[in-house]
Amino acid sequence: PARRARGGAGPLAAGPAGGGIGGRPGCVGAPIVSGPVGTARMQAGTSPRPSAADAPLRAEQVCRLTVGREINALALSPNAKRIALALQDHSVQIWDISAKVMVHLLRGHKYRVNDVSWSSDNVHVASGSADKTAKIWNAVEGRCAATLQGHLLTVNAVAFSLDATRLASGSWDKTVCIWDVELCKLLLTLSGHTDWVHSVAWAPGGEQLASASSDHSVRVWNAITGVVELVLVGHLQTVRSVGFSPNGVFLASGSLDRTVRVWNLQEGSLAARLQQDGDEASVQCVAFAPDGRHCAVGCGDRTIKVWNLASGRLVAQMLGHEDAVSGVAVSGDGTLLFSCDHDGSVRVWRMLVHRDGACASAGDRRPLMSNSAQAPAAAAVCLETSAGASFKDLLDRLRSTEDVNQHLRQQLCQAQLEIEESLRRQSCAEEQETQLSRYREVISGLTAQKEKLERSFDEMRRELRLMPNVLAGSGAASPGAGASPQGDGLAARRHMGTSPDRTSRPVLRVSHPAGSPGGS
């Protein structure tokens with residue numbers, strides 16, 4: 001049990017074992033009634049009525065797209081003609097569903113892409129990445145229209161508002177940011193979560209925004225003022241995904257504790273709790289059907305399940321994925337369900353049921369998730385089936401799991417810091433290598449100039465060595481031209497810088513008379 005503030009007005013009591021979050025009458029101390037395995041357990045005094053939607057369904061796989069790369073999330077365009085994929089290889093792919101071909105490969109993120117979202121006009125796609133940025137792409141032209149920077153850590157989730165004027169992004173930095181799409185300007189930063197934010201979703205009216213976090217809670221914010229209106233507690237582990245019903249009254253949240261909780265936001269209470277069977281059936285993603293009565297759930301055990309929220313019964317289960325299901329989406333007419341997984345495939349399913357509840361036949365079919373004018377029936381509060389020892393065991397498991405999660409989060413943060421430091425060093429090394437390449441080019445140029453100058457000096461030396469012989473030869477050829485040979489030789493010596501006194505000095509010979517002392 002926990003206490004949380006609603007809109008800052010004061011504490012609201014929670015029901016036993018996370019059963020409710022509002023202080024309204026009937027939310028606390030409701031009777032506990034056990035239900036059948038695989039169904040939501042309902043409040044005493046209510047019993048689900050059998051309907052055709054509760055009958056087993058024939059789920060047909062009508063299409064499979066093989067991407068060949070790990071897919072982290074998918075988003076279906078509002079006209080259901082294209083699908084956007086967030087990939088582990090840092091890219092976003094846009095596929096034409098009917099043609100089964102990729103029409104755009106969008107590159108620009110530096111690390112893995114965690115989430116994608118379509119705008120309501122089918123023109124833009126938003127993506128959130130581990131490089132701490134969110135990008136807005138023009139899906140028609142296949143180019144990046146804007147890059148939004150402001151988060152301090154990995155961006156895990158993005159979502160366009162219904163009017164496509166605002167974009168919400170959730171991050172590991174524990175905040176949610178709301179951006180003006182046209183101006184690419186940060187409007188609000190929503191702080192309150194105590195751990196990573198994994199998912200964000202807009203209410204149909206655009207006045208509310210929901211966020212899911214590793215702190216085991218779901219928060220509902222006023223998207224205009226930035227004030228938190230509701231804190232929904234009850235999950236025992238990380239909440240991975242949230243989604244609003246078409247009328248905005250209900251909010252579904254999926255958690256690693258293998259449950260989907262459906263909250264009635266008008267009453268501030270838990271409307272249904274859907275328990276997934278199996279130790280590996282952690283909930284990775286949730287999506288409401290257009291009729292608001294059904295919810296599709298993607299699980300870690302490679303299955304997709306469809307639940308009827310009014311009765312709390314599992315009405316369909318699809319098998320075929322080879323890895324954990326990382327994304328689900330339902331077409332606007334409710335006839336098709338799209339799913340993706342980490343093994344790199346996208347599958348398209350058609351679910352049909354006979355009017356009398358039997359399995360559909362080729363001649364008489366109607367979609368399970370067809371649009372309906374009826375508002376979703378509000379299920380009663382769902383509580384835990386046991387108290388005492390069972391609740392104590394759950395608390396022990398919760399503490400153990402929280403310790404492990406905290407340790408893993410610390411390791412991941414440390415790893416991210418090391419990666420950022422390694423990238424910084426790599427960037428410095430690349431800059432140094434570029435500078436060295438420039439120096440090498442300068443040295444090569446100087447070496448070439450040096451060699452050219454040396455060749456010029458060698459030629460000048462040869463010309464200078466030949467010059468005296470040329471001058472001497474010209475002087476001997478014309479002795480009577482008015483200048484004496486001695487004069488020409490003197491001129492040549494002067495030209496060569498040689499003094500005549502140093503080359504030929506006159507010798508004075510003195511003769512003595514015979515018989516005189518000294519001789520000759």
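Nothing here was measured: the structure is a model prediction, and the numbers come from that model.
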Calculate, to the nearest 0.5 Å, the distance between atoms [atom1] and [atom2] belonging to [X] and [Y] respectively.
{"X": "Asn156", "Y": "Trp172", "atom1": "CG", "atom2": "CH2", "value": "6.5 Å"}
{"X": "Arg240", "Y": "Leu256", "atom1": "CZ", "atom2": "CG", "value": "6.0 Å"}
{"X": "Ser214", "Y": "Gln237", "atom1": "OG", "atom2": "CD", "value": "10.5 Å"}
{"X": "Cys184", "Y": "Ile136", "atom1": "SG", "atom2": "CD1", "value": "5.5 Å"}
{"X": "Arg166", "Y": "Trp202", "atom1": "CZ", "atom2": "CH2", "value": "4.0 Å"}
{"X": "Leu412", "Y": "Trp196", "atom1": "CG", "atom2": "CH2", "value": "4.0 Å"}

Kindly say whether [Y] contributes a backbone atom to a donor-acceptor pair with the side chain of [X] at under 3.5 angstrom?
{"X": "Ser255", "Y": "His235", "result": "no"}
{"X": "Asn308", "Y": "Arg313", "result": "no"}
{"X": "Thr66", "Y": "Gly68", "result": "no"}
{"X": "Asp131", "Y": "Lys110", "result": "yes"}
{"X": "Gln276", "Y": "Leu274", "result": "yes"}
{"X": "His90", "Y": "Gly108", "result": "no"}
{"X": "Asp173", "Y": "Leu152", "result": "yes"}
{"X": "His104", "Y": "Gln93", "result": "no"}
{"X": "Ser77", "Y": "Asn122", "result": "no"}
{"X": "Trp179", "Y": "Leu186", "result": "no"}

Can Glu420 and Arg425 be counted as an ion pair, charged N to O under 4.0 angstrom?
-> no
Asp180 bridged to Lys185 by N-O distance under 4.0 Å =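 No, this pair does not count.
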So [Y] and [X], do their side chains get closer than 4.5 Å, heavy atoms only?
{"X": "Val220", "Y": "Leu209", "answer": "no"}
{"X": "His321", "Y": "Arg347", "answer": "yes"}
{"X": "Leu190", "Y": "Thr175", "answer": "no"}
{"X": "Gln317", "Y": "Ile304", "answer": "no"}
{"X": "Leu232", "Y": "Ser253", "answer": "no"}
{"X": "Ser191", "Y": "Thr189", "answer": "yes"}
{"X": "Leu85", "Y": "Val67", "answer": "yes"}
{"X": "Val348", "Y": "Leu337", "answer": "no"}

Would you say [X] has more than 12 foreign heavy atoms packed within less than 6.0 Å of its [atom1]?
{"X": "Gln61", "atom1": "CD", "result": "yes"}
{"X": "Glu430", "atom1": "CD", "result": "yes"}
{"X": "Gln88", "atom1": "CD", "result": "yes"}

Can you see whether [X] engages [Y] through a side-chain donor-acceptor pair at a distance of less than 3.5 angstrom?
{"X": "Ser169", "Y": "His151", "answer": "yes"}
{"X": "Gln208", "Y": "Asn222", "answer": "no"}
{"X": "Trp221", "Y": "Ser211", "answer": "yes"}
{"X": "Gln284", "Y": "Ser282", "answer": "yes"}
{"X": "His109", "Y": "Ser127", "answer": "yes"}
{"X": "Asp115", "Y": "Ser117", "answer": "no"}
{"X": "Gln426", "Y": "Arg424", "answer": "no"}

Identify the two heavy atoms, one from [X] and one from [Y], that lie closest to each other, and give their separation to 0.1 Å.
{"X": "Ala168", "Y": "Val200", "answer": "O-CG2, 4.0 Å"}
{"X": "Ser119", "Y": "Pro78", "answer": "O-CG, 3.4 Å"}
{"X": "Val306", "Y": "Leu314", "answer": "O-CD1, 3.4 Å"}
{"X": "Ile178", "Y": "Ala223", "answer": "CD1-O, 3.9 Å"}
{"X": "Phe160", "Y": "Val125", "answer": "CE1-C, 4.0 Å"}
{"X": "Gly332", "Y": "Pro290", "answer": "O-CG, 3.4 Å"}

Qualifying residues under side chain to side chain donor-acceptor pair (under 3.5 Å), relative to Lys174, sequence neighbours excluded | none
Sequence neighbours left out, what passes side chain to side chain donor-acceptor pair (under 3.5 Å) with Ser213? Give chain and number order.
->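 In terms of side chain to side chain donor-acceptor pair (under 3.5 Å), with neighbours along the sequence ignored, Ser213 is linked to Asp215.
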Could you pull out all residues at least two apart from Leu76 that satisfy side-chain contact (heavy atoms from CB on, under 4.5 Å)?
->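 side-chain contact (heavy atoms from CB on, under 4.5 Å) check on Leu76 returns Ala80, Ile97, Ala329, Ser331, Phe338.
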Decide side chain to side chain contact (heavy atoms under 4.5 Å, CB included) for His342 and Asn72; before the verdict, give the C-alpha distance in whole Å, the side-chain angles of both, and the deciding distance to 0.1 Å.
-> CA-CA 6 Å; His342 291 300; Asn72 293 324; 3.7 Å; yes
Passes side chain to side chain contact (heavy atoms under 4.5 Å, CB included), Val283 versus Cys285? Steps please.
-> CA-CA 6 Å; Val283 178; Cys285 46; over 6 Å; no
Please walk me through it: do Cys295 and Val286 pass side chain to side chain contact (heavy atoms under 4.5 Å, CB included)?
-> CA-CA 7 Å; Cys295 182; Val286 296; 4.3 Å; yes
Please step through side chain to side chain contact (heavy atoms under 4.5 Å, CB included) for the pair Val328 and Lys305, ending with a clear verdict.
-> CA-CA 10 Å; Val328 291; Lys305 301 174 183 178; over 6 Å; no
